[in-house]
Amino acid sequence: MTDKTDPSSAAAGNPGDPRGPVPAAVPPLGMAARRGGSAAAALGEVVRRLRQPLPGAQPRLRFEMPPEYTGQVPDADHDGDEEPQFGHPGPRMSPQHPLYMGFMGTVGVGLALLVYWIGSHTTQLLLWIVAALFIALGLEPVVGWLEGRKIPRPAGILVSVAVLMGAVVGFFATLIPTIVEQVSEIVRQAPDWVRNFMDSDLFRSLDDQFGVRDRITEELNKFVNDPAAMGGIFGGVLGFGSTVANSLFGALIVLVLSLYFLAALPAMKKWGYRLAPRSRRKRVAALSEEITRSVGNYVIGQACVALLNATFAFVVMSIVGIPFALLLAFVVVLLAFIPLVGGMIAGIVVTLVSLTEGWQVAAIYAVCYFAYLQFEAYFISPRIMQKAVAVPGAVAVISVIAGGSLLGVLGALIAIPTAAAVLLLVREIYIVRQDQH
């Protein structure tokens, strides 16, 4: 028979027991730890359940790389009637077959006409794509350097693009208030300039001889009463507004495309290499990596050269007292980014502006700046641009002029990287092939 003891009496103890009253049961010291562990386990279970997909949900479809075809037909299953999903590749038609030659020739002509038609109707989009790809290749070395410092690629892309956008926003934040201030000053001073000119002896003599005042009044009345002229003014204002809106939209498109290109650049390279024949894929990959590396190094190097150029110009302008030094420094950055001729144009522009403070100020700035250009050409630029592909001077000048004529400022910026890529391909493919014959 089992002895059943009341817990309350057991806790109170037996009065006749010499050991005295038995204390209440105290939980062991490890029980709190076990309770904490069970809470952590429960929390982990909740997190695991939250990370699981909803019932019935399926993973998002992704466009995966197809497996590499080696030319060997895989073994069939044991049943003998199981086939691949799309069947085995069959033998190719002979290129000498008349039907093959005629069909492929027609398809080639049709594709060429289609590409020409698409290119002629999407010129603006193609320019945006080229600009975004150029920016992505320029930021790729920075993102790779951040990846080498154990920073995830998405974070490196965001940091790089944020720095670039900060520089662009800083430029416009300095440019727009200065332009508004100067235009407001011109509008405020314009009536005084007109009044002083009309009170001058020159205008009075011209008015006495040719009746200039009456002619001006007549033309103004005719212009105000002409609906076509007033409509032209409003049309010009609307055209300027649409141009500004299109420019902002284009900048947004270029920014978004740059983000996508930076994020997908490794996958884009992999897919591009798979388009080449397997026997030449390794060489195509090596040449493509060298081209992208040289373009990225060129963009980063030219940006560093332009920043140093603008910093020196800003210091000299601040010392000699040239007005709007910060705004002109931004102009120098943009112009100095254009290779070879950009620095000369920037020096001429700032020298002309400095003439408003006197020819002595202009002479001092011109001597200092053009001396720096010589120092930059022989000491700074060769050390910064040593990792980029070298381009002969004559080829660089012709490339910049041709690129500027075709695509404007964007063409001038991408001219030298394009010329470097063409020279690399000629050296590694055409010249090597010619040397073998």
Side-chain angles (χ1 to χ4, degrees), residues 131 134-135 138 164 167-168 170-172 174-175 178 294-357 359-420 423:
F134 184 71
I135 294 174
L164 179 63
V168 174
F171 169 72
F172 284 104
T174 306
L175 177 64
T178 305
S294 62
V295 171
N297 290 332
Y298 170 79
V299 174
I300 296 298
Q302 192 65 31
C304 294
V305 171
L307 288 176
L308 292 176
N309 194 325
T311 302
F312 178 82
F314 176 75
V315 171
V316 175
M317 285 187 288
S318 301
I319 292 175
V320 299
I322 298 177
F324 313 116
L326 184 59
L327 176 62
L328 291 176
F330 278 113
V331 174
V332 171
V333 168
L334 294 179
L335 293 176
F337 203 86
I338 301 175
L340 299 177
V341 297
M344 299 291 294
I345 297 175
I348 295 173
V349 169
V350 179
T351 302
L352 293 177
V353 174
S354 63
L355 286 174
T356 57
E357 298 296 320
W359 67 269
Q360 298 89 347
V361 175
I364 293 173
Y365 176 81
V367 170
C368 295
Y369 184 79
F370 287 106
Y372 170 80
L373 287 183
Q374 297 301 316
F375 177 78
E376 176 189 282
Y378 287 97
F379 294 95
I380 297 179
S381 184
R383 286 168 172 78
I384 294 179
M385 305 291 287
Q386 60 182 353
K387 293 184 178 181
V389 177
V391 179
V395 176
V397 173
I398 295 173
S399 302
V400 170
I401 296 175
S405 301
L406 293 174
L407 300 177
V409 178
L410 178 62
L413 293 178
I414 67 175
I416 290 187
T418 304
L423 288 178

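Residue indices begin at 1 and follow the sequence shown.
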Closest approach of I322 and S354, non-hydrogen atoms and distance?
CD1-CB, 3.5 Å
Interatomic spacing from OH in Y365 to CD in E357 - rounded to 0.5 Å
14.0 Å
Taking side-chain contact (heavy atoms from CB on, under 4.5 Å) as the definition, give me every residue that meets it alongside A346, ordered by chain and number, with sequence neighbours left out.
V332, L335, Y369
Please give me the minimum heavy-atom distance between A325 and S318, naming the atom from each residue.
CB-OG, 4.1 Å
Nearest heavy atoms of A310 and V333, plus distance in Å:
CB-CG2, 3.0 Å
Set out, in order, the CA-CA distance, both residues' side-chain angles and the distance that settles side-chain contact (heavy atoms from CB on, under 4.5 Å) for I380 and Y372, then state yes or no.
CA-CA 10 Å; I380 297 179; Y372 170 80; 3.7 Å; yes
Work out which heavy atom in A415 is nearest to a heavy atom in G403; give both atom names and the distance.
CB-CA, 4.5 Å
Is there a side-chain contact between F134 and P417 (heavy atoms, below 4.5 Å)?
yes
Dump the intermediate steps for side-chain contact (heavy atoms from CB on, under 4.5 Å) on E376 and L308, then the final yes or no.
CA-CA 9 Å; E376 176 189 282; L308 292 176; 5.6 Å; no
Between the CG atom in N309 and the CD atom in Q302, the distance rounded to the nearest 0.5 Å is 9.5 Å
If you round to the nearest 0.5 Å, how far is CZ of F330 from CZ of F314?
9.5 Å
Ring pair (Phe, Tyr, Trp, His ring centres under 6.0 Å) involving Y378 - partner list, sequence neighbours excluded:
none
With sequence neighbours excluded, tell me which residues meet side-chain contact (heavy atoms from CB on, under 4.5 Å) with L352.
I348, L355
